[in-house]
Amino acid sequence: MCGRYAASRKAEDLVQLFDVRQWDGEETLEPDWNVAPTKEVYAVLERPIRGSDDPAPVRQLRTLRWGLVPSWSKSPDTGVKMINARAETVRDKPAYRQAFAARRCLLPADGYYEWATAKDELDLEQQGRRKRPRKQPYFVTPVDGSVMAFAGLYEFWRDRTLPDGDPGAWWVTCTVLTTDAETAPLPGAGEGPGPHALAEIHPRMPVALPPDRWDTWLDPRHDDPEELTALLSSLPTGRHRAYPVGTAVSNVRNNSPELVRELDEPEIGTLF
């Protein structure tokens, strides 16, 4: 899954990286090393410019709220639960079907966090000696230091309790698509204690699209479900590495570059 990630790149850098044509300089976010659900995040998307006579979609950098609220939802509270959508079934689910067809986006990230339960912690839980096993966080990030581009969907939701013209009347929310975690060996994993593959940390991972799939994914004129689904599968492997980080990231109030600092060894027990 993807429940927390880091996004430190400045808007100006994202504009260049993703060849963005429209960006409102007032929509600027500070670097965030601990992005959590309901936070504002950067998203790259394509849609016509509001108020323009030209119906052609334009690539834009926008700030969205993480946690998708379907347009027909009676309350925005559902967004907290809809931070991820399974790539395998997203085209058929009522909550995501329309967004999958026409409102797709990319969510730029430095990498994402995932938690693994240490073997000795599991043993204590099974013996009844620990109710909540402690978990070791890992940071998954591109080997070459490039940006990760999570495949996402976005949706508009109207708060009917607010009048027209109120800046809070419209919510624009998003979700991250996930897929089966890679079982291929991680670069440089060797024969050490592990992890040797992302699937050893967690069975799911966000869909990180390579650059050659960005244009098709973003263009709303591409609406063939088969073509779009194919973009989310058969992803190239060997692009990411995973390393242990401090448990401070488990507290969403903590937010600094220190959270992604690589540890020489896990803080919590033997994991693999």
Side-chain angles (χ1 to χ4, degrees), residues 1-8 32-37 83-88 107-127 129-152 176-210 232-252 254-272:
M1 61 175 295
C2 180
R4 209 80 66 81
Y5 66 93
S8 68
D32 196 336
W33 306 94
N34 203 351
V35 180
I83 61 171
N84 293 158
R86 295 176 69 91
E88 300 88 341
L107 304 171
D110 304 328
Y112 69 95
Y113 300 100
E114 196 54 82
W115 282 257
T117 304
K119 183 180 182 301
D120 48 0
E121 290 287 312
L122 283 175
D123 292 341
L124 289 174
E125 181 186 29
Q126 292 168 356
Q127 296 167 16
R129 295 167 57 190
R130 190 184 296 282
K131 292 184 178 180
R132 288 189 175 183
R134 296 178 297 168
K135 295 186 177 185
Q136 171 63 50
Y138 279 79
F139 189 59
V140 182
T141 188
V143 172
D144 60 4
S146 61
V147 67
M148 282 184 94
F150 299 151
V176 176
L177 301 190
T178 66
T179 188
D180 287 335
E182 295 174 8
T183 57
L186 285 165
E191 299 181 358
H196 302 100
L198 292 178
E200 292 185 6
I201 304 174
H202 194 279
R204 305 288 295 178
M205 64 178 290
V207 174
L209 290 179
L232 306 174
S233 61
S234 301
L235 295 164
T237 60
R239 296 178 294 156
H240 308 116
R241 69 187 188 102
Y243 59 82
V245 294
T247 55
V249 72
S250 300
N251 187 335
V252 71
N254 295 327
N255 200 328
S256 75
E258 181 69 14
L259 298 182
V260 299
R261 182 177 64 84
E262 183 172 1
L263 301 182
D264 293 331
E265 58 185 26
E267 290 182 345
I268 300 176
T270 303
L271 286 96
F272 308 100

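FYI, the numbering just counts along the sequence from 1. Just the heavy atoms: all of them, side chains too, but no hydrogens, waters or symmetry mates, feed the values below. Just so you know, these numbers come straight off a predicted model, no measurement behind them.
Using a 4.5 Å heavy-atom cutoff, the side chains of Pro185 and His196 are not in contact. Counting only heavy atoms from C-beta outward, the side chains of Leu177 and Asn84 never approach each other to under 4.5 Å. Residues Pro137 and Pro244 fail the side-chain proximity criterion, which asks for heavy atoms closer than 4.5 Å. Here the side chains of Tyr243 and Val260 are in contact, with some heavy-atom distance below 4.5 Å. Side-chain contact between Leu259 and Phe139 is absent, with no heavy atoms from C-beta onward closer than 4.5 Å.
Between Lys135 and Glu267 there is no salt bridge, since no side-chain nitrogen of the basic residue lies less than 4.0 Å from a carboxylate oxygen of the acidic one.
Interatomic distance, OG1 of Thr117 versus NE2 of His202, reported as 9.5 Å (0.5 Å rounding). The NE2 atom of His240 sits 7.5 Å away from atom OG1 of Thr141, with the distance rounded to the nearest 0.5 Å. The OH atom of Tyr138 sits 13.0 Å away from atom OH of Tyr112, with the distance rounded to the nearest 0.5 Å. Taking SG of Cys2 as the start and CD1 of Ile83 as the end, the distance is 7.0 Å to the nearest 0.5 Å. Remark: Arg261 CZ to Trp33 CH2 distance equals 13.5 Å, nearest 0.5 Å. A distance of 5.5 Å separates OG1 of Thr237 from CD of Glu182, quoted to the nearest 0.5 Å.
The two residues Ala87 and Leu232 have their closest heavy-atom pair at CB-CD1, 3.9 Å. The two residues Ala184 and Ala197 come nearest to each other via the heavy atoms O-CB, 3.5 Å. Of all heavy-atom pairs between Gly3 and Pro37, the closest is O-CD, 3.4 Å.
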I'd like to know whether Met1 forms a side chain to side chain contact (heavy atoms under 4.5 Å, CB included) with Arg86, so could you lay out the CA-CA distance, the side-chain angles of the two residues, the decisive distance to 0.1 Å, and finally the verdict. CA-CA 9 Å; Met1 61 175 295; Arg86 295 176 69 91; over 6 Å; no
Audit row: Leu198, Leu186, side chain to side chain contact (heavy atoms under 4.5 Å, CB included) steps and yes/no: CA-CA 7 Å; Leu198 292 178; Leu186 285 165; 3.8 Å; yes
Decide side chain to side chain contact (heavy atoms under 4.5 Å, CB included) for Val207 and Leu235; before the verdict, give the C-alpha distance in whole Å, the side-chain angles of both, and the deciding distance to 0.1 Å. CA-CA 8 Å; Val207 174; Leu235 295 164; 3.8 Å; yes
Could you give me the CA-CA distance, side-chain angles and deciding distance for Thr179 and Met205, then say whether side chain to side chain contact (heavy atoms under 4.5 Å, CB included) is met? CA-CA 6 Å; Thr179 188; Met205 64 178 290; 4.0 Å; yes
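Side chains of Asn254 and Asn34: a donor-acceptor N/O pair is absent below 3.5 angstrom, by distance only. Asp110 and Ser8 share a side-chain donor-acceptor pair at under 3.5 Å.
Annotation: Tyr5 is in aromatic contact with Phe150 [ring centroid separation under 6.0 Å].
Between the side chain of Gln136 and the backbone N or O of Ile268, at least one donor-acceptor pair lies under 3.5 Å.
Residues meeting the salt bridge (charged side-chain N to carboxylate O under 4.0 Å, His left out) test with Arg204, sequence neighbours left out: Glu88, Asp180.
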